[in-house]
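Just so it is clear, the structure is predicted and the values come from calculations on it, not from any experiment.
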Amino acid sequence: GSLLSAHGLRKAYGPTTALDGAEFSIHPGEVVAVMGPSGSGKSTLLHCLAGIVRPDAGEISYNGQELTGMTDTALSALRRSEFGFVFQFGQLVPELTCVENVALPLRLNGARRKDAERTALTWLERLEVDDVRGKRPGEVSGGQGQRVAVARALATSPRVVFADEPTGALDSLNGERVMELLTDAARSANAAVVLVTHETRVAAYSDREIVVRDGRSRDMERAV
Ligand code: ADP
Ligand code: ADP
């Protein structure tokens, strides 16, 4: 069965309808690309699925639990323990070193500093950026920073990684490398990935595509 699924999601911001009956499903370990033009509702769909935004109507089921019936406290606990996040920019804490940034979600989940930093270093190695472990985010390149962000998203062993335009600020070479490392690392950890992108090249790293248009989504057969 599916790990995360949504049915009939609706969300309006005042007069603007962001989601108008969106459907979604993802299986454990699957990489799904959410595609569509700017303003079509992709980010809103991701935010609803991740329990960050509450839909006005519809159901979201994660691992047998109905998200819409959960309290804010329960939702944030679920996000911290089961989900990882990668965004386009500004996600690393500028005052912390790269290894401290990756260790942070582990510390928030109760790990001791030494254990958290050991795990963080393993992830930096896997993402091929252990050489920047002692640097602050402002001292590394955009591509290195995104790899650190991917390491941080995976460090807590999430079952789902939500990635919103994770390569949007990178040139195409760095973007492809980040996608390769993100999808390889997620697959070896059996984490599912919900990837929001408007770029076909980025979506090519997915197993399946869901296209959003005017707040409605549908599954696409991959034309290979
Ligand atoms: P996409 O990610 O595909 O670009 P979004 O989900 O960001 O689309 O936005 C869908 C629509 O909802 C757009 O018209 C956008 O302007 C609007 N929207 C999204 N978030 C908000 C918000 N917080 N307040 C008001 N309007 C919003
Ligand atoms: P993306 O390009 O990833 O779709 P956007 O630039 O549309 O992101 O939105 C960035 C942030 O601003 C999101 O958190 C979204 O909810 C919010 N947002 C988008 N459109 C509006 C809007 N019209 N009014 C207020 N907030 C918005």
Side-chain angles (χ1 to χ4, degrees), residues 1-88 91 105 108-109 152-154 156-166 182-183 186-187 189-198 202-203 205-222:
S2 52
L3 175 62
L4 175 64
S5 65
H7 176 66
L9 291 187
R10 290 175 191 283
K11 177 72 188 175
Y13 294 101
T16 307
T17 299
L19 291 179
D20 186 19
E23 307 288 317
F24 182 88
S25 76
I26 192 167
H27 292 97
E30 195 180 24
V31 179
V32 167
V34 177
M35 299 204 65
S38 182
S40 58
K42 302 183 297 298
S43 293
T44 304
L45 175 60
L46 180 140
H47 292 153
C48 288
L49 295 171
I52 296 167
V53 162
R54 286 188 187 271
D56 300 331
E59 292 112 50
I60 305 169
S61 165
Y62 171 73
N63 207 16
Q65 304 170 83
E66 184 54 47
L67 255 55
T68 48
M70 289 171 68
T71 62
D72 289 350
T73 315
L75 272 177
S76 63
L78 180 76
R79 279 201 305 272
R80 254 205 336 260
S81 61
E82 307 273 312
F83 298 163
F85 295 91
V86 185
F87 298 107
Q88 187 170 352
Q91 50 201 319
L108 293 174
N109 282 345
R152 187 174 68 174
L154 288 163
T156 53
S157 302
R159 308 231 17 228
V160 187
V161 174
F162 293 94
D164 195 351
E165 302 280 5
L182 167 60
T183 50
R187 286 196 172 100
N190 200 34
V193 179
V194 181
L195 167 69
V196 165
T197 183
H198 62 273
V202 172
Y205 289 88
S206 70
D207 300 315
R208 190 158 58 87
E209 289 172 22
I210 288 178
V211 174
V212 185
R213 261 183 228 294
D214 300 328
R216 294 166 201 260
S217 56
R218 64 191 178 95
D219 251 282
M220 301 298 285
E221 289 283 335
R222 162 74 46 76

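- Using a 4.5 Å heavy-atom threshold, the side chains of Gln88 and Asp164 count as separate.
- The stretch residues 61-70 participates, sequence neighbours left out, in no salt bridge (charged side-chain N to carboxylate O under 4.0 Å, His left out) pair at all.
- Two residues are said to be in side-chain contact when any heavy atoms from C-beta on lie closer than 4.5 Å; His27 and Ser2 meet this criterion.
- The ring pair (Phe, Tyr, Trp, His ring centres under 6.0 Å) check on Phe83 picks up Tyr62, Phe162, with sequence neighbours excluded.
- Of all the heavy atoms in Val32 and Ser25, the pair that sits closest is CG2-O, 4.3 Å.
- Counting only distance, with no hydrogens or angles, the side chain of Gln91 and the backbone of Phe87 share a donor-acceptor pair below 3.5 Å.
- Lys42 contributes a side-chain N or O that, together with a main-chain N or O of Pro37, makes up a donor-acceptor pair within less than 3.5 Å.
- Within the 4.5 Å cutoff, the side chain of His198 has no heavy atoms near those of the Met35 side chain.
- Put simply, the side chain of Val202 reaches to within 4.5 Å of the side chain of Leu195, judged on heavy atoms.
- Summarising the geometry of Ala191 relative to Pro158, their closest heavy-atom pair is CB-O, 3.4 Å, with the distance given to 0.1 Å.
- Annotation: salt bridge (Lys or Arg N to Asp or Glu O under 4.0 Å) contacts of Asp56 (sequence neighbours excluded): Lys11.
- Summarising the geometry of Thr156 relative to Pro105, their closest heavy-atom pair is CG2-CB, 3.7 Å, with the distance given to 0.1 Å.
- The minimum heavy-atom distance between Leu75 and Gly51, with the atom names listed, is CD1-O, 3.8 Å.
- Going from atom CG of Leu67 over to atom SG of Cys48 covers 10.0 Å, rounded to the nearest 0.5 Å.
- At least one side-chain heavy atom of Leu49 sits less than 4.5 Å from a side-chain heavy atom of Leu4.
- Contact of the Arg216 side chain with the Glu23 side chain is not registered, since no non-hydrogen atoms from C-beta on lie closer than 4.5 Å.
- Atom NE2 of His7 and atom CG of Leu9 lie 9.0 Å apart (nearest 0.5 Å).
- For the pair Thr183/Val193, no side-chain contact is recorded, criterion being any heavy-atom separation below 4.5 Å from C-beta on.
- Rounding to the nearest 0.5 Å gives a distance of 11.0 Å between CE of Met70 and CD1 of Ile60.
- In terms of the salt bridge (Lys or Arg N to Asp or Glu O under 4.0 Å) criterion, residue partners of Arg10 (sequence neighbours excluded) are, by chain and number, Asp20.
- Closest non-hydrogen pair, Leu3 versus Ala192, comes out as CD2-CB, 4.3 Å.
- Atom-to-atom distance recorded for Leu78:CG and Asn63:CG is 9.0 Å, nearest 0.5 angstrom.
- Counting heavy atoms from C-beta on, the side chains of Leu45 and Val212 come closer than 4.5 Å.
- Listed by first then second residue, pairs satisfying salt bridge (charged side-chain N to carboxylate O under 4.0 Å, His left out) with a partner in residues 31-40 number zero, not counting sequence neighbours.
- Under the salt bridge (charged side-chain N to carboxylate O under 4.0 Å, His left out) criterion, the residue pairs touching residues 68-82 are Arg54-Asp72, with sequence neighbours excluded.
- Nearest approach of Asp207 to Arg187, heavy atoms of both residues: OD1-NH2, 2.8 Å.
- For Ser206 (side chain) and Arg208 (main-chain N/O), a donor-acceptor pair under 3.5 Å exists by modelled atom type.
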